[in-house]
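Below is one structure, written out as structure tokens; comments come after it.
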There are 2 protein chains.
Amino acid sequence: MTLYHPPREQIELADVLNALGHPIRLKIVRSLAEQGECACSAISLDISKSTATHHWRVLRESGVIRQQQSGRTIMTSLRREDLDARFPGLLGVVLGGRSPELAAAAGHPGGDTA
Amino acid sequence: MTLYHPPREQIELADVLNALGHPIRLKIVRSLAEQGECACSAISLDISKSTATHHWRVLRESGVIRQQQSGRTIMTSLRREDLDARFPGLLGVVLGGRSPELAAAAGHPGGDTA
DNA sequence: TCTAACGTACGACAACTTTCGTACCGTTTG
DNA sequence: CAAACGGTACGAAAGTTGTCGTACGTTAGA
């Protein structure tokens, strides 16, 4: 069980967009943004375990999320810093609000995506 | 030949991301952003005509581009306003630079975000 | 140690995508 | 009118994706 993650510099925009271009994966990413790091089972999806594993893999291998084993669960989190470094603003757009960059540039404090 | 376009309010993020999550379509969108409105044949892709038609259709039906017949060519353009209204900043991210919104909010033309 | 929980691995299958060739259609131009 | 041009429509083939069930591996706890 290797859990491959691409290094930051190898994260490709087309791969990321492709990974995010599916309703279930978009939901996963939004839940992750809300809840922060959490076990896979903390995000309830109405699909089988093996299908869920497939979607986590797509997100992980495209560079959107990071997964690491911790006890008998796998803790999953958004690769916010890597994504922001590589494609500034993308996460903000995807999370449905203003991007943190946009809020910062406008000079409003507390511009955090809920 | 109906050339369906979704109305602005029906443009879905997942569909747009999915459409953009393919190298050829990403290239089309970037060319369109550079060149402005143009005939399909003005963007050279190393694929057959029917394959190109397929990719234009995906972009059109997801709401990314607009196509209208003009004489014997079809003029194609980015749906910038619709996309900016629906998903502010997305186009900026995809076009590889800062978003126009970000630059406007920052209020200085040459502002370089680290 | 035995069992339960969490999640992956594998194999299968259906559905969708990507690609192409060929045929076609509407417009312009000789 | 006929031919050339720009592009779509259709059908087919190959590849990829999304889905599931079952089996498995690891860790935690009784």
Side-chain angles (χ1 to χ4, degrees), chain A residues 1-6 12-29 31-32 35-78, chain B residues 1-6 12-29 31-32 35-78:
Chain A
M1 204 167 49
T2 324
L3 293 184
Y4 170 77
H5 297 79
E12 293 293 335
L13 181 57
D15 293 338
V16 170
L17 295 176
N18 185 256
L20 296 173
H22 185 289
I24 288 182
R25 293 194 293 258
L26 211 43
K27 181 178 175 185
I28 290 176
V29 167
S31 298
L32 236 30
Q35 304 181 25
E37 186 172 48
C38 62
C40 296
S41 56
I43 297 173
S44 73
L45 307 164
D46 295 336
I47 54 177
S48 72
K49 284 198 300 178
S50 37
T51 301
T53 293
H54 163 71
H55 289 299
W56 281 312
R57 185 207 295 266
V58 172
L59 287 169
R60 178 168 39 76
E61 294 188 346
S62 67
V64 176
I65 65 174
R66 170 169 289 115
Q67 296 189 288
Q68 45 197 329
Q69 192 105 24
S70 166
R72 67 183 160 188
T73 77
I74 288 183
M75 296 305 286
T76 302
S77 55
L78 269 181
Chain B
M1 204 168 48
T2 324
L3 295 185
Y4 169 78
H5 297 79
E12 292 292 337
L13 181 57
D15 293 338
V16 170
L17 294 176
N18 185 256
L20 296 173
H22 186 288
I24 289 182
R25 293 194 292 258
L26 211 42
K27 179 177 175 184
I28 290 176
V29 167
S31 298
L32 237 30
Q35 304 181 26
E37 185 171 49
C38 63
C40 294
S41 55
I43 297 173
S44 73
L45 307 164
D46 295 335
I47 54 177
S48 72
K49 285 198 299 180
S50 35
T51 301
T53 293
H54 164 71
H55 289 299
W56 281 312
R57 185 207 296 265
V58 172
L59 287 169
R60 178 169 39 77
E61 294 188 345
S62 67
V64 175
I65 65 173
R66 169 168 289 115
Q67 297 189 290
Q68 46 196 327
Q69 192 106 23
S70 166
R72 68 183 160 189
T73 79
I74 288 182
M75 296 306 285
T76 302
S77 55
L78 269 182

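Chain naming here is simple, since letters A, B, ... match the order of the sequence lines and numbering starts at 1 in each.
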Would you mind reading off the distance between [X] atom [atom1] and [N] atom [atom2], rounded to a whole angstrom?
X     : N      : atom1 : atom2 : value
B:D46 : C:dC20 : CG    : P     : 10 Å
A:I74 : C:dC6  : CD1   : P     : 12 Å
A:R72 : C:dC6  : CZ    : P     : 6 Å
A:L3  : C:dT8  : CG    : P     : 7 Å
A:H54 : C:dA12 : NE2   : C1'   : 15 Å

Query raised in the report: How far apart are the C-alpha atoms of B:C40 and B:Q67, what are their side-chain angles, what is the distance that settles it, and do they pass the side chain to side chain contact (heavy atoms under 4.5 Å, CB included) test?
Result: CA-CA 9 Å; B:C40 294; B:Q67 297 189 290; 3.8 Å; yes
Query raised in the report: Under 4.0 angstrom, heavy atoms only, what part of the nucleic acid is B:T73 near: base, sugar-phosphate, or nothing?
Result: sugar-phosphate
Report task. Looking at every strand, decide which applies to B:I47 at a 4.0 Å heavy-atom threshold: base, sugar-phosphate, or nothing. Result -> sugar-phosphate
With rounding to the nearest 0.5 Å, note down the distance linking [atom1] in [X] to [atom2] in [Y].
X     : Y     : atom1 : atom2 : result
B:E61 : B:H5  : CD    : NE2   : 9.5 Å
A:H54 : A:L59 : NE2   : CG    : 9.5 Å
A:I74 : A:T53 : CD1   : OG1   : 8.0 Å

Query raised in the report: Looking at side-chain heavy atoms only, is the closest gap between A:I43 and A:T76 below 4.5 Å?
Result: no
Query - Pairwise side-chain contact, A:V64 with A:I28, heavy-atom cut-off 4.5 Å (strictly under) - result: no
Report task. Show the numbers, then the answer: is there a side chain to side chain contact (heavy atoms under 4.5 Å, CB included) between A:E37 and A:Q68? Result -> CA-CA 10 Å; A:E37 186 172 48; A:Q68 45 197 329; 3.6 Å; yes
**Report entry** Nucleic acid contacts - residues 37-45 of chain A versus DNA chain C, non-hydrogen atoms under 4.0 Å
**Finding:** A:A39, A:C40, A:S41
Query - Selection: residues 57-71 of chain A, any non-hydrogen atom under 4.0 Å of DNA chain D - result: A:G71
Shortest non-hydrogen separation from [X] to [Y] and the atoms involved:
X     : Y     : answer
A:L17 : B:G21 : CB-CA, 3.8 Å
B:C38 : B:L32 : SG-CD1, 3.8 Å
A:P6  : A:S62 : CG-C, 4.0 Å

Query raised in the report: Does B:A52 or A:R25 map to a spot on DNA chain D nearer the 5' end, using the closest nucleotide for each?
Result: B:A52
Report task. Check B:R60, B:K27, B:R25 against B:H55 for a side-chain hydrogen bond (donor to acceptor under 3.5 Å, both in side chains) and give me the one that passes. Result -> B:R25
Query raised in the report: What is the 5' to 3' range of DNA chain D, first to last nucleotide, that sits under 4.0 Å from any heavy atom of chain B?
Result: D:dA4 to D:dA9
Report task. Find which nucleotide of DNA chain C each of B:K49 and B:H55 is nearest to by heavy atoms, and output the residue with the more 5' nucleotide. Result -> B:H55
